[in-house]
Protein chains: 2
Amino acid sequence: MPYDPSAFPPFAVTVDLVVLTVRTHSLCALAVRRGESPFQGRWALPGGFVRADEDLAQAAARELAEETGLSVHDPAAPAQDNGAHLEQLATYGDPERDPRMRVVSVAHLALAPDLPAPRAGGDASNARWAPVEELLRQGDGRDGEPVAPLAFDHAQILSDGVERARSKIEYSSLATAFCPPEFTVGELRRVYEAVWGVALDPRNFHRKVTGTPGFLVPTGGTTTRQGGRPAQLFRAGGATLLNPPMLRPEV
Amino acid sequence: MPYDPSAFPPFAVTVDLVVLTVRTHSLCALAVRRGESPFQGRWALPGGFVRADEDLAQAAARELAEETGLSVHDPAAPAQDNGAHLEQLATYGDPERDPRMRVVSVAHLALAPDLPAPRAGGDASNARWAPVEELLRQGDGRDGEPVAPLAFDHAQILSDGVERARSKIEYSSLATAFCPPEFTVGELRRVYEAVWGVALDPRNFHRKVTGTPGFLVPTGGTTTRQGGRPAQLFRAGGATLLNPPMLRPEV
DNA sequence: GTGTTTATCGTCAGGCAGACGACTATGATC
DNA sequence: GATCATAGTCGTCTGCCTGACGATAAACAC
């Protein structure tokens, strides 16, 4: 039996994506330039409408694939191909958040390795990786690109996503989602340093991550791509929760 | 300029509430009996449609007040009246989750002290506090009331809410939201024991909570309402994040 | 008073993190 | 080829925190 549509107000439901990666020692997010009003020409988070027959996670995965070509890493799959990690972040539904209509946006958080070049409908100039502190910096616009802040409430969403990532790598093995399938302890440490914005002691970090059972699995190979002494290569192990957690240094 | 409504599918947006409290040493959730189809007569989480001019948090607070009479504790307010803690939990949007229509539900988690008696539109028989393990027990129905599981995907939502509460009292002072404005260390310990379902050492617990700066503020009073030696009374202090956290014992 | 209950203080050993020294193995430079 | 710079890896030491548990304190019931 269909339901009386007049009994409730109709909403548009969208998914917005906070896609994070680490490049050149800083935490970056994917931003797309808006082609239409409102906020035309401003930078925004990628996103779009949820389709009628789609689950929220499916919609987020579809948008992620459309924007970056990344597929979502299936948590059940044992092998760590270079799919991204995707999880629901939070939902934003202020009545005024979109001037056109009542839109509720289910934001998702994606963590990806560095490699992919952004592509927004084939047009590279309309999508870019930008350091999050640049995207969140409120319009001082000295020399950085984005004089204007992000469209809609996307600065809030991005900020929440970054905070989620920062806290989640403390107690989970999620930092490996920023790394290629095989990586060194030093590369993993640079991920933590970029996400947290701090410097970590390489010796204590090495002791901690190699001493946590299930976190890292040695592949046997070594690499020297970072210069210096060759480093052992690892894959992410099966452990998802770290106990005891990594400790984020005080401010 | 209004937006073309045919460009996106319309959704109904609801809020559902996981309201938790601790009574007689066990973690309980608020359940209401459904009066109409689908799932007529089954127990469900309280909830309702988000109104056209309402924020999501406002809608959740309104539903909470309607069902329990509880007001939401303003995080900015210093005084701890017996308002409840309310936070967004997650959003559920499977296309099949409601057989009538496409409904996206933004679930919220509320933590409240024991006192309030439930009332669902004035009819007490249609609302009750039930131990969460009873609500989540899948239809063995030996002697417990709910032979049938919760309506819709509410078992999943309740399960997610309980897990959120269990983990959040580890690293935040949120357990005090289950306590009356003034409480003893022993009462707070019983909250942890009920939520985690474990027994804690009273001496180590006492040392930990009284030694964490900003967690507890002594009021000067004492009480003997638990029997035994009189215990000091405390209020919740200003600290919201506990560092280092409370440690949940292994299984 | 004796027993019971709950609260509170103390002690001790083990584990883990921060600080930091020392050594190793590569490539770059002279 | 020696030297230097760079990164990686192994150890040591100290202090803090936790878990296990003994001991004492202050109420109530009988």
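No experiment lies behind these values; they were computed from the predicted model shown. Letters A, B, ... are given to chains in the order of the sequence lines, protein chains preceding strands, and every chain is numbered from 1.
- Remark: A:R248 engages A:E163 in a salt bridge, criterion side-chain N to carboxylate O under 4.0 Å.
- Atom-to-atom, CG of A:D201 to P of D:dG11 comes out at 16 Å; the value is rounded to the nearest Å.
- You'll find that the side chain of B:R207 is closest to D:dT18, out of D:dA26, D:dT18, D:dT12.
- In this structure, a donor-acceptor pair under 3.5 Å is present between the side chains of B:D160 and B:Y92.
- Phosphate contact (OP1/OP2 of D:dG8, side-chain N/O of A:R189, threshold under 4.0 Å): present.
- Where B:R248 and B:T224 each meet DNA chain D at their nearest nucleotide, the meeting point lying more 5' is that of B:R248.
- We find that CZ of A:F183 is positioned 13 Å from P of D:dG8, with the value rounded to whole Å.
- Taking atom CG of residue A:N204 and atom P of nucleotide D:dC10, one finds them 14 Å apart after rounding to whole Å.
- Taking the centre of each ring, A:F205 and A:Y192 come in below the 6.0 Å mark.
- Across all their heavy atoms, A:E170 and A:P245 have their closest contact at O-CB, 3.3 Å.
- Contact between A:V217 and A:G237 at its shortest, heavy atoms only, is CG2-CA, 3.6 Å.
- For B:H108, there are no ring pair (Phe, Tyr, Trp, His ring centres under 6.0 Å) partners, not counting sequence neighbours.
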Trace of the side-chain contact (heavy atoms from CB on, under 4.5 Å) decision for A:R128 with A:R33
CA-CA 9 Å; A:R128 67 186 195 108; A:R33 199 194 299 270; over 6 Å; no

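- Note: CZ (A:F205) to P (D:dG11) measures 19 Å, nearest angstrom.
- The side chain of B:L247 lies closest to D:dG19, out of D:dG19, D:dG8, D:dA25.
- B:R203 has its CZ atom 17 Å from the C1' atom of D:dC17, to the nearest Å.
- One atom, NE2 of B:H206, and another, C1' of D:dG19, lie 17 Å apart when rounded to the nearest Å.
- Here the P atom of nucleotide D:dC10 and the NZ atom of A:K208 are 17 Å apart, to the nearest Å.
- Note: CZ (B:R229) to P (D:dA26) measures 6 Å, nearest angstrom.
- Taking 4.0 Å as the cutoff to heavy atoms of chain A, we find the contact window on DNA chain C bounded by C:dA17 to C:dT26.
- Nearer the 5' end of DNA chain D, as judged by each residue's closest nucleotide, is the contact made by A:P202, out of B:P230 and A:P202.
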